[in-house]
Amino acid sequence: MVLEDILQKVKVYNPNADLSLLKKAYAFAEKAHRDQTRISGDPFINHPIAVARILASLELDMETLIAGLLHDTVEDTDVSLSQMEQNFSKEISLLVDGVTKLGRLEYRSKEERQVESLRKMFLAMAKDIRVVLIKLADRLHNLRTLEHQPERKQKEIAQETLDIYAPLAHRLGIYYFKWELEDLAFRFSLPSKYYELADKLKRTRHMREKYIDKVRASLSEKLHEVNITAEIKGRPKHLYSIYQKMLRQKKDFSEIFDVMAVRILVDTVRDCYAGLGTVHTMWVPIPGKFKDYIAMPKSNMYQSLHTTVIGPQGEPLEIQIRTWDMHSTAEYGIAAHWRYKEGGQGDKSFDQKLSWLRQILEWQHDLKDTTEFMENLKIDLFTDVVFVFTPKGDVMELPAGAVPLDFAYRVHTQVGHHCVGAKVNNRITPLDYQLQNGDIIEVLTSKQSNGPSRDWLNIVNTSQAKTRIRQWFKKEQRDTHIVKGRESLEREAKKQGVDFDEVKSDRLMEYGKKLNLHNSDDVLAAVGDGTISAQSIINRIRQDLVEPERKKYLEEEMQSLVTDSKPAIPKEEPAQGIKVKDIDNLLIRLAHCCNPVPGDFIVGYITRGRGVSIHRADCSNVNSLIKDDGSRMVDVSWEDSFESSFQVKLEITGADRAGLLSDVMSVLTDIKMSANWVTARGKKNHQASIEMVLQVKSLEQLKYVINRINKVKDVYEVRRTGHGG
């Protein structure tokens, strides 16, 4: 795969493009990824080229293609966003930043990291939808080469694709991505079912093709008689959609008849409806199986007529009818806005097409709980939709399964809170009635209403309604939480020996501002409902109270540590690499309990007679040191010019198989790194443990090494441990 292939594609759909920019981006990416390889052994640069190639097949603009080539440079190399902006543009830098995972920040769990990465991606999407086009192309190529990953990671990546990325492609209307993402993810998540279904389809293929040829011939003849020019295609349904239908309907493959559909492409909207009439004169339509997405397009811009009829052999046959423009939009969805065609960038309704995305961001802005965020996100992405009407005739789109309460909260939060009933099609209906396409809904409200009932959480089906109801109850319980928060602070203050009278409202407000809380009551309520711990606040206040004495004490202690003769580790030597705020020539040593490396957040602790001990901020011993004597903690940081190396100990857990240690060591050989010492031993449950000490120069280099080892077959976990030798 070479750059020339992409350049040729761009020349075809955008003859005026400045190809030198693309060549420059390729050279930049190739240099940044030089000497890096994928887990398959291929040069790493092959991946960004493949991503750019996929984006070029969507006929996207030059900035998107360049960002596709550069999308991994910030995450996997030493290239910074500022360098990206200097060499290319602010626009390209923002696109790359939107795609980059939050891999360089620490989170309490893998789930939290995934949620925060998704939050960041959605935020970037709202600013520029091209971010997700690059992300989808990245995910698609990773799935195409997923066989090189360990089975555990194959299933993990495949499931995430089915949970998030395929539904996202669906909501954006990019079926070009959706079908392949789903089928590839299906293949790796449930391989036995995938291959079983593929085999059954293969065995019946000839019979189905013969049947579709017969349908096409009949249709072509009839449409020609009524002067409709059309192209008729047989479309085999994708494996994953067939499998989902089997699950939904609880049927075996032999009971699923409509595994193929017929698509009719015509020139005008008028021909669409005329063609529909012709189809219905040839075969009997199945009631309730007609959908008009031309009159009421889906939120992802999809337009088509869908009908299911009893076909020539008495079996259900699905037929789709659309214009060529509708077909292009169905394939490329929101990506069509960025394609190179006359007037493409001037789509005035573009913001409306992304309104659902902004609603997701708005509704989930306050969700801190990882599990709740993921559940609500899946609801918002996965659900089909119903179109309903307000009494004034405005169309409103809601997820399938929505009830009148969901409609009320979509109109306005206060309308939802004060809802006492609803009329659907001018008839009083229960609040748990499931809305149908075309329903006209009127919400009945009362100012005397006491607000939502807790039972409503079991009735509503949209994440917006659930979030607003929960927020109402949270606000109602505010007074209780304030009292509870004050009691918690009193107990913690007594425990730490702080006079509670010193816990003043101005101190709480100062603390609250850093957490976007507006007043001291907000802080007390946050403590009461568990959002903030009382211990963290009292710790902060305790430090503030002792700060004057602490400064004086530190000055005396530090001066006693300043060496008149040669220091143990001279300040001018680059091996030192650490500075203590406002003090020079200190005895400094790295704590062996956590063994910090450049890039780690660090803190200093003044020991008695052994200088300043440097710990990672997340070191398990730091809290006990603070508790012992928090006044001894000092501000420290890495020197900007630091270039020396440090020892780090890694523990690698994997399957106990022959060659595991050899495969891990070959990774170090590939990246030209050696280990100071290595040990390997067997563990329970057929697992093996490899421990090694490496000499690294920075946290970024360490993360890169860990990432590479993680990709070795049968490696389950790579963990950084404390003592480095």
Participant: Decide side-chain contact (heavy atoms from CB on, under 4.5 Å) for Leu190 and Tyr243; before the verdict, give the C-alpha distance in whole Å, the side-chain angles of both, and the deciding distance to 0.1 Å.
Facilitator: CA-CA 11 Å; Leu190 296 167; Tyr243 176 69; 3.5 Å; yes

Participant: Could you pull out all donor-acceptor pairs under 3.5 Å where a side-chain atom in residues 274-287 meets a protein atom, sequence neighbours excluded?
Facilitator:
residue : atom : partner : partner atom : Å
Thr278  : OG1  : Ala274  : O            : 3.1
His280  : NE2  : Thr307  : OG1          : 2.8
Thr281  : OG1  : Thr278  : O            : 2.6

Participant: Minimum heavy-atom separation for Phe188 to Ala158, with atom names?
Facilitator: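 Shortest heavy-atom separation between Phe188 and Ala158 comes out as CB-CB, 4.0 Å.
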
Participant: Do you know the tightest heavy-atom contact between Ile482 and Ala525?
Facilitator: CG1-CB, 3.9 Å

Participant: What's the shortest heavy-atom distance between Leu95 and Arg130, and which atoms?
Facilitator: CD2-CB, 3.9 Å

Participant: Using the test side-chain hydrogen bond (donor to acceptor under 3.5 Å, both in side chains), find all partners of Tyr176 that sit at least two apart in sequence or belong to another chain.
Facilitator: Ser57

Participant: In terms of ring plane angle, is the pair Trp179 and His238 parallel, tilted or perpendicular, where the classes change at 30° and 60°?
Facilitator: parallel

Participant: Compare all side-chain heavy atoms of Trp456 with those of Trp472 and state whether any distance is below 4.5 angstrom.
Facilitator: no

Participant: Should Lys193 and Phe186 be marked as a side-chain contact (heavy atoms from CB on, under 4.5 Å) after you check the CA-CA gap, both sets of side-chain angles, and the distance that decides it?
Facilitator: CA-CA 9 Å; Lys193 295 187 182 299; Phe186 179 30; 4.3 Å; yes

Participant: Using modelled atom types only, decide if a donor and an acceptor are shared between the side chain of Asp183 and the backbone of Glu180 within a distance under 3.5 Å.
Facilitator: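 It does not hold such a pair.
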
Participant: Which atom names give the shortest non-hydrogen contact between Leu223 and Ile232, and what distance separates them?
Facilitator: CD1-CD1, 4.1 Å

Participant: With sequence neighbours excluded, tell me which residues meet side-chain hydrogen bond (donor to acceptor under 3.5 Å, both in side chains) with His327.
Facilitator: Arg322

